[in-house]
There are 4 protein chains.
Amino acid sequence: MPKRAISEESKEDRRNFILSCAEEIVKTNGLSGLNIQSVAKKSGFATGTIYLYFANKEDLIAHLTLDSRKELLRIFEKSIVGEGLAMKQLSKVMEAFFHFYETRPHYYELVSFFEKNTGLEEPEELELMSRKINQLVADILKKGKKQGHIRNDLDEMTFSFLLWGSSVGILQLLEVKKSIIKRTLNTDSFDFFSKHIELVLHAIKVD
Amino acid sequence: MPKRAISEESKEDRRNFILSCAEEIVKTNGLSGLNIQSVAKKSGFATGTIYLYFANKEDLIAHLTLDSRKELLRIFEKSIVGEGLAMKQLSKVMEAFFHFYETRPHYYELVSFFEKNTGLEEPEELELMSRKINQLVADILKKGKKQGHIRNDLDEMTFSFLLWGSSVGILQLLEVKKSIIKRTLNTDSFDFFSKHIELVLHAIKVD
Amino acid sequence: MPKRAISEESKEDRRNFILSCAEEIVKTNGLSGLNIQSVAKKSGFATGTIYLYFANKEDLIAHLTLDSRKELLRIFEKSIVGEGLAMKQLSKVMEAFFHFYETRPHYYELVSFFEKNTGLEEPEELELMSRKINQLVADILKKGKKQGHIRNDLDEMTFSFLLWGSSVGILQLLEVKKSIIKRTLNTDSFDFFSKHIELVLHAIKVD
Amino acid sequence: MPKRAISEESKEDRRNFILSCAEEIVKTNGLSGLNIQSVAKKSGFATGTIYLYFANKEDLIAHLTLDSRKELLRIFEKSIVGEGLAMKQLSKVMEAFFHFYETRPHYYELVSFFEKNTGLEEPEELELMSRKINQLVADILKKGKKQGHIRNDLDEMTFSFLLWGSSVGILQLLEVKKSIIKRTLNTDSFDFFSKHIELVLHAIKVD
DNA sequence: GATGAATGAGGCTTCATTCAT
DNA sequence: CATGAATGAAGCCTCATTCAT
């Protein structure tokens with residue numbers, strides 16, 4: 001059994017290694033710059049070997065996305081530790097999102113990959129992570145309501161979706177128009193995103 | 001009715017026809033499903049003919065985007081006609097955005113095309129349209145401040161960018177997760193987007 | 001008749017104009033950069049119009065070459081005027097060749113065009129000009145023999161061909177390796193070609 | 001007999017095979033008749049396979065040229081073996097050139113390929129071979145001077161370049177005008193080229 | 001398991017030439 | 001005569017995937 005366990009483990013390791021290589025490529029060249037040959041080269045494996053670990057390119061991308069979301073959930077959970085106030089927690093989560101995003105300028109390409117390709121559904125596990133992230137935000141909301149700081153007439157799940165969508169959209173905008181925004185508004189990216197946070201908090205707080 | 005004028009006109013017509021064919025393809029198959037050959041086939045022209053009207057594929061995409069933005073501006077302008085209150089105008093503009101978007105599920109792919117391809121800058125005219133749209137929103141804000149309905153401590157341009165980014169993001173989310181949202185929240189797309197409008201208005205209104 | 005004559009003339013003019021435009025393109029972009037569309041654009045005519053003056057692209061190139069050779073003959077003839085000594089005349093002709101060539105870096109592409117395209121024969125008129133140029137050199141040789149300065153055991157026509165071939169070859173080499181030659185030999189193009197002249201004269205002179 | 005070595009070797013073999021197929025095409029149809037598809041077809045590989053062995057068409061042409069030059073150097077070296085007199089060696093080298101060329105009517109197209117395409121530089125290795133060939137001739141010259149048979153006032157490198165250029169030019173002329181030359185001069189190609197050799201030797205010999 | 005050579009369809013673009021007006 | 005829009009074959013190159021070893 002030990003032997004098996006070891007090889008199981010190393011297989012998992014190799015899989016993760018390939019994934020990390022792929023991620024680096026996406027970071028550098030964007031999703032469109034990702035191809036199996038380059039992943040093989042970077043990881044030191046042969047082309048065919050990649051297909052031993054992933055059914056196809058799409059599967060690889062799915063796992064790339066999944067990993068990102070897993071990490072995002074971890075980051076979110078860490079960000080609210082030790083903070084009692086829901087409003088503050090929300091703020092922390094959003095800031096964490098900003099920082100997560102900043103190191104992954106091409107992340108939204110991954111996120112949006114699955115609907116760009118007609119008929120492609122998100123793999124199940126991927127959706128699970130999304131739901132967990134959603135739940136985390138919804139829980140904060142609920143807590144905020146109890147604390148009396150957040151409007152009671154606000155569906156938690158709806159807000160969670162809206163927050164996600166709007167935040168991703170603004171980070172995309174930053175990615176696309178960073179220089180224009182900087183020039184026009186005379187602020188840096190974080191200042192800009194902070195305004196978003198401020199507006200969101202304002203929108204949901206009890207007057 | 002000089003001959004010149006006619007041919008000029010019909011040339012413009014054919015150009016627009018090609019553009020509309022391309023748009024249809026994007027609608028159906030997404031941007032990644034757009035290729036010159038398919039545009040040629042759909043429009044009934046030969047491959048080379050497309051290149052008489054557009055310098056290359058990128059140029060065609062640019063004009064696709066440009067046309068969309070032009071129409072969006074038109075729609076925005078029309079949406080606020082006859083409405084005196086800034087808050088109402090903003091609401092109308094956002095609703096118009098929703099309806100515009102609903103008929104162009106792949107529009108954001110166009111919008112984000114130019115930065116996904118490293119080094120590709122937005123053509124000038126394209127940026128001009130963006131600026132005009134931004135200005136339209138900023139003007140409404142300014143008016144709202146005068147009317148005393150919108151917070152004075154809100155930079156108009158910043159808000160304009162944020163509104164754009166968040167709205168596009170939410171519409172993307174709808175596109176990607178329409179069914180999940182419907183299932184989870186038990187609402188339709190417009191209801192969902194209306195919540196976004198409501199939150200935005202709440203965020204900026206004078207208490 | 002006047003009218004006809006005029007239009008005849010202007011037709012010839014337009015033809016020459018097109019030719020000069022084509023030549024300029026070859027000068028700038030090389031023969032491979034020459035295409036009917038660019039000739040049309042540069043000359044201000046429509047694409048189809050070019051085909052009213054030249055049967056096809058090949059025909060146009062043939063006339064381009066023909067014109068060059070005509071001018072070359074003119075230049076050769078002028079170069080020997082007023083010079084009585086055959087050896088000096090030969091020297092003058094070769095110098096003239098160098099200068100002619102220098103302003104037409106892509107001339108040899110034209111010269112060699114006709115055999116690169118399998119089965120293509122030189123148009124008759126083109127050959128006539130070649131023969132005339134050959135004759136001019138042969139005549140100088142004959143004269144030089146009479147003057148007692150040039151070896152009698154030298155077939156004039158053979159030499160004429162050899163001179164042409166070797167000189168074109170050396171000018172091509174200069175074109176291709178100008179910088180290497182300059183660097184390696186520490187001379188300029190004319191110095192280099194002068195060595196060629198010197199060697200040729202040395203090779204044929206009576207000891 | 002390690003497996004690695006075998007596959008390495010066979011890979012090299014296949015590469016050479018592709019090269020030889022390409023060479024045959026150039027021989028038959030000229031450089032302009034060379035296209036990747038035809039190389040693939042002739043070699044029995046798929047289009048994409050060619051790109052496993054050569055980065056692009058240009059690279060393939062470069063190696064075609066390189067191979068030719070390598071062989072030319074080999075031939076030159078062999079041609080002078082066992083011959084002590086520099087003048088005789090030069091003669092042998094030139095004869096060898098003639099024979100080499102005769103079996104490669106399109107060789108000069110390869111040689112001149114790299115400058116016809118603006119901005120295209122000769123690959124380094126290619127230049128190295130040129131330099132070696134040049135050096136071989138220069139060495140013969142030097143030796144001839146020592147032997148007292150070749151003029152001392154002759155720069156070896158200059159002569160080497162001139163010899164190359166003139167010889168290539170004459171062989172090109174032969175290629176283009178073989179039939180005219182035959183008809184006009186009543187000699188065969190080798191006789192014609194021999195005259196060139198004779199003139200060159202005459203030009204450099206000590207009187 | 002691992003390899004990596006091979007595949008070949010697919011996509012972009014060019015350009016000589018034609019032809020209806 | 002002149003136009004210039006249209007053609008479409010041809011060529012370069014990429015890359016997801018397969019399969020024999």
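Throughout, a chain's letter reflects where its sequence line sits, starting with A, and its residues are numbered from 1.
The CD1-C1' distance, from A:I50 to E:dG1, rounds to 14 Å in whole Å. Rounded to whole angstrom, the span from the CD1 atom of A:I61 across to the C1' atom of F:dC15 amounts to 13 Å. E:dT13 atom C1' lies 13 Å from atom CG of B:N35, rounded to whole Å. Straight-line distance from the CG atom of D:D59 to the P atom of F:dC13: 10 Å, rounded to whole Å. If you measure from atom CG of D:D13 to atom P of E:dA5, you get 14 Å, rounded to the nearest angstrom. Taking atom NZ of B:K41 as the reference point, atom P of F:dA6 lies 20 Å away to the nearest angstrom. Atom NZ in A:K57 sits roughly 8 Å away from atom P in F:dT17 (whole-Å rounding). Rounded to an integer number of Å, the gap from A:L60 CG to F:dT17 P is 11 Å.
Checking F:dC12, F:dT7, E:dA16 against every side-chain atom of D:I36, the shortest atom distance belongs to F:dC12. Between E:dT18, F:dG11, E:dG8, one nucleotide has an atom nearer to the side chain of D:Q37 than all others, and that is F:dG11.
Counting heavy atoms from C-beta on, the side chains of C:Y51 and C:I36 come closer than 4.5 Å. The shortest distance between side-chain heavy atoms of D:I61 and D:L110 falls below 4.5 Å.
Nearer the 5' end of DNA chain F, as judged by each residue's closest nucleotide, is the contact made by B:Y53, out of D:N56 and B:Y53. Comparing C:L52 and D:G48, the nucleotide of DNA chain F nearest to each residue sits closer to the 5' end for C:L52. Both A:G44 and C:L34 lie near DNA chain E, and the one whose nearest nucleotide falls closer to the 5' end is A:G44.
Close to F:dA2, at under 4.0 Å from its OP1 or OP2, lies a side-chain N or O of C:R14. Phosphate proximity of F:dA5 to B:T49: absent, as no side-chain N or O sits under 4.0 Å from OP1 or OP2. Phosphate contact (OP1/OP2 of E:dA5, side-chain N/O of D:K11, threshold under 4.0 Å): present. The phosphate of F:dG8 (OP1 or OP2) has no side-chain N or O of B:T47 nearer than 4.0 angstrom.
Shown here, F:dT7 forms a base pair with E:dA16; the pair counts as Watson-Crick or G-U wobble because both key distances fall under 3.5 Å.
Under the 3.5 Å distance criterion, the side-chain polar atoms of A:T28 are matched with a main-chain donor or acceptor of A:E24.
Counting any heavy atom pair closer than 4.0 Å across all strands shown, C:Y51 reaches a base atom.
Electrostatic pairing of D:E125 and D:K70 counts as a salt bridge here, judged by a charged N lying under 4.0 Å from a carboxylate O.
Ring geometry for D:Y53 against D:F45 counts as tilted: the plane angle lies between 30° and 60°, on a 0 to 90° scale.
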